[in-house]
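Taking it in order: structure first as structure tokens, then the write-up.
Just so it is clear, the values below take in all heavy atoms, side chains as well, and ignore hydrogens, waters and symmetry mates.
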Amino acid sequence: MVQNRNKLIELFVGNIANAVLHKVLESAIQDEGLSDYYKKEQTTSRNIAITYREKINPVDANLPEKDVKYIREKVKKKVYAELMLRISKGYKGINLDLMDKYLEELLIETRII
């Protein structure tokens, strides 16, 4: 059963990272059409992450501190790497400081912390 839990945590991390990434990108752009796309991506990833969270034990309580630390570090690394890639491609106005704020909001919302 531990293997399944680890797999679920990895899937959760990927979706939370995607949600945080799109939330940061949404706040960085002025184009309304692109903003709607990022909002839709963010919502979809958040909903999928919530589904995975419901399958990770303990369901009704916060996760153990070591899992929270692992998830937080893994998501930060993924989002930072992707944002740096986007910046190198010419994206403008990306605020890296928003990454931590949005991550904490999603971790609270999904009852990780």
Side-chain angles (χ1 to χ4, degrees):
M1 202 58 133
V2 173
Q3 291 173 335
N4 290 341
R5 184 175 189 277
N6 292 340
K7 176 89 171 163
L8 289 171
I9 288 175
E10 290 302 318
L11 292 168
F12 175 82
V13 165
N15 281 286
I16 284 292
N18 198 38
V20 171
L21 171 70
H22 284 91
K23 186 83 169 166
V24 171
L25 291 173
E26 177 191 348
S27 67
I29 57 149
Q30 309 303 322
D31 182 8
E32 188 64 34
L34 202 50
S35 177
D36 289 341
Y37 170 77
Y38 286 146
K39 190 176 290 184
K40 183 179 175 190
E41 267 308 304
Q42 186 265 334
T43 303
T44 301
S45 293
R46 182 180 74 41
N47 291 340
I48 293 170
I50 288 172
T51 302
Y52 285 127
R53 172 59 182 106
E54 291 170 353
K55 296 177 182 181
I56 300 171
N57 288 328
V59 175
D60 298 329
N62 296 341
L63 291 181
E65 188 60 36
K66 79 172 189 168
D67 290 336
V68 173
K69 183 178 177 182
Y70 172 79
I71 290 170
R72 187 177 281 133
E73 289 176 8
K74 189 92 171 190
V75 170
K76 282 183 181 182
K77 285 180 185 177
K78 283 182 167 228
V79 173
Y80 182 79
E82 183 63 30
L83 288 174
M84 293 309 289
L85 180 66
R86 303 272 178 123
I87 290 170
S88 72
K89 289 181 177 180
Y91 283 53
K92 304 267 189 252
I94 294 177
N95 184 353
L96 296 174
D97 296 330
L98 293 176
M99 177 178 65
D100 290 329
K101 175 187 169 195
Y102 294 144
L103 175 58
E104 292 304 312
E105 288 174 4
L106 283 171
L107 291 179
I108 291 169
E109 182 181 339
T110 56
R111 289 193 339 246
I112 295 297
I113 55 174

In Å, rounded to the nearest 0.5 Å, how long is the span from [atom1] of [X] to [atom2] of [Y]?
{"X": "K92", "Y": "I87", "atom1": "NZ", "atom2": "CD1", "result": "10.0 Å"}
{"X": "I16", "Y": "L11", "atom1": "CD1", "atom2": "CG", "result": "12.0 Å"}
{"X": "K78", "Y": "E73", "atom1": "NZ", "atom2": "CD", "result": "14.5 Å"}
{"X": "E10", "Y": "N15", "atom1": "CD", "atom2": "CG", "result": "11.5 Å"}
{"X": "T43", "Y": "K23", "atom1": "OG1", "atom2": "NZ", "result": "8.0 Å"}
{"X": "E41", "Y": "L21", "atom1": "CD", "atom2": "CG", "result": "9.5 Å"}

Without swapping roles, check the side chain of [X] against the backbone of [Y] for a donor-acceptor pair under 3.5 Å.
{"X": "R111", "Y": "V59", "value": "yes"}
{"X": "R53", "Y": "I56", "value": "yes"}
{"X": "R46", "Y": "L106", "value": "no"}

Check: [Y] and [X] side chains under 4.5 Å, non-hydrogen atoms:
{"X": "N47", "Y": "T51", "value": "no"}
{"X": "K76", "Y": "D100", "value": "yes"}
{"X": "M84", "Y": "Y80", "value": "yes"}
{"X": "N4", "Y": "K55", "value": "no"}
{"X": "P58", "Y": "L63", "value": "yes"}
{"X": "I71", "Y": "L107", "value": "yes"}
{"X": "K69", "Y": "K66", "value": "no"}

Of the non-hydrogen atoms in [X] and [Y], which two are nearest, and what is the gap between them?
{"X": "V68", "Y": "I112", "result": "CG2-O, 3.4 Å"}
{"X": "R5", "Y": "P64", "result": "NH2-CD, 4.0 Å"}
{"X": "Y102", "Y": "S27", "result": "OH-CB, 3.9 Å"}

*asked:* Please say yes or no: joined through hydrophobic side-chain contacts below 4.5 Å, possibly via intermediate residues, are V79 and Y91 part of one cluster?
replied: yes
*Group every Ile, Leu, Val, Met, Phe, Trp and Tyr by side-chain heavy-atom contacts under 4.5 Å, then state whether I50 and V75 land in the same group.*
no
_V24 and its side-chain contact (heavy atoms from CB on, under 4.5 Å) partner, picked from D97, L96, L98_ = L98
*Might you work through the salt bridge (charged side-chain N to carboxylate O under 4.0 Å, His left out) test for R86 and E82, ending with a clear yes or no?*
CA-CA 6 Å; R86 303 272 178 123; E82 183 63 30; 2.9 Å; yes
*Kindly assign one of parallel, tilted or perpendicular to the pair Y37 and H22, based on the angle between their ring planes and the thresholds 30° and 60°.*
perpendicular
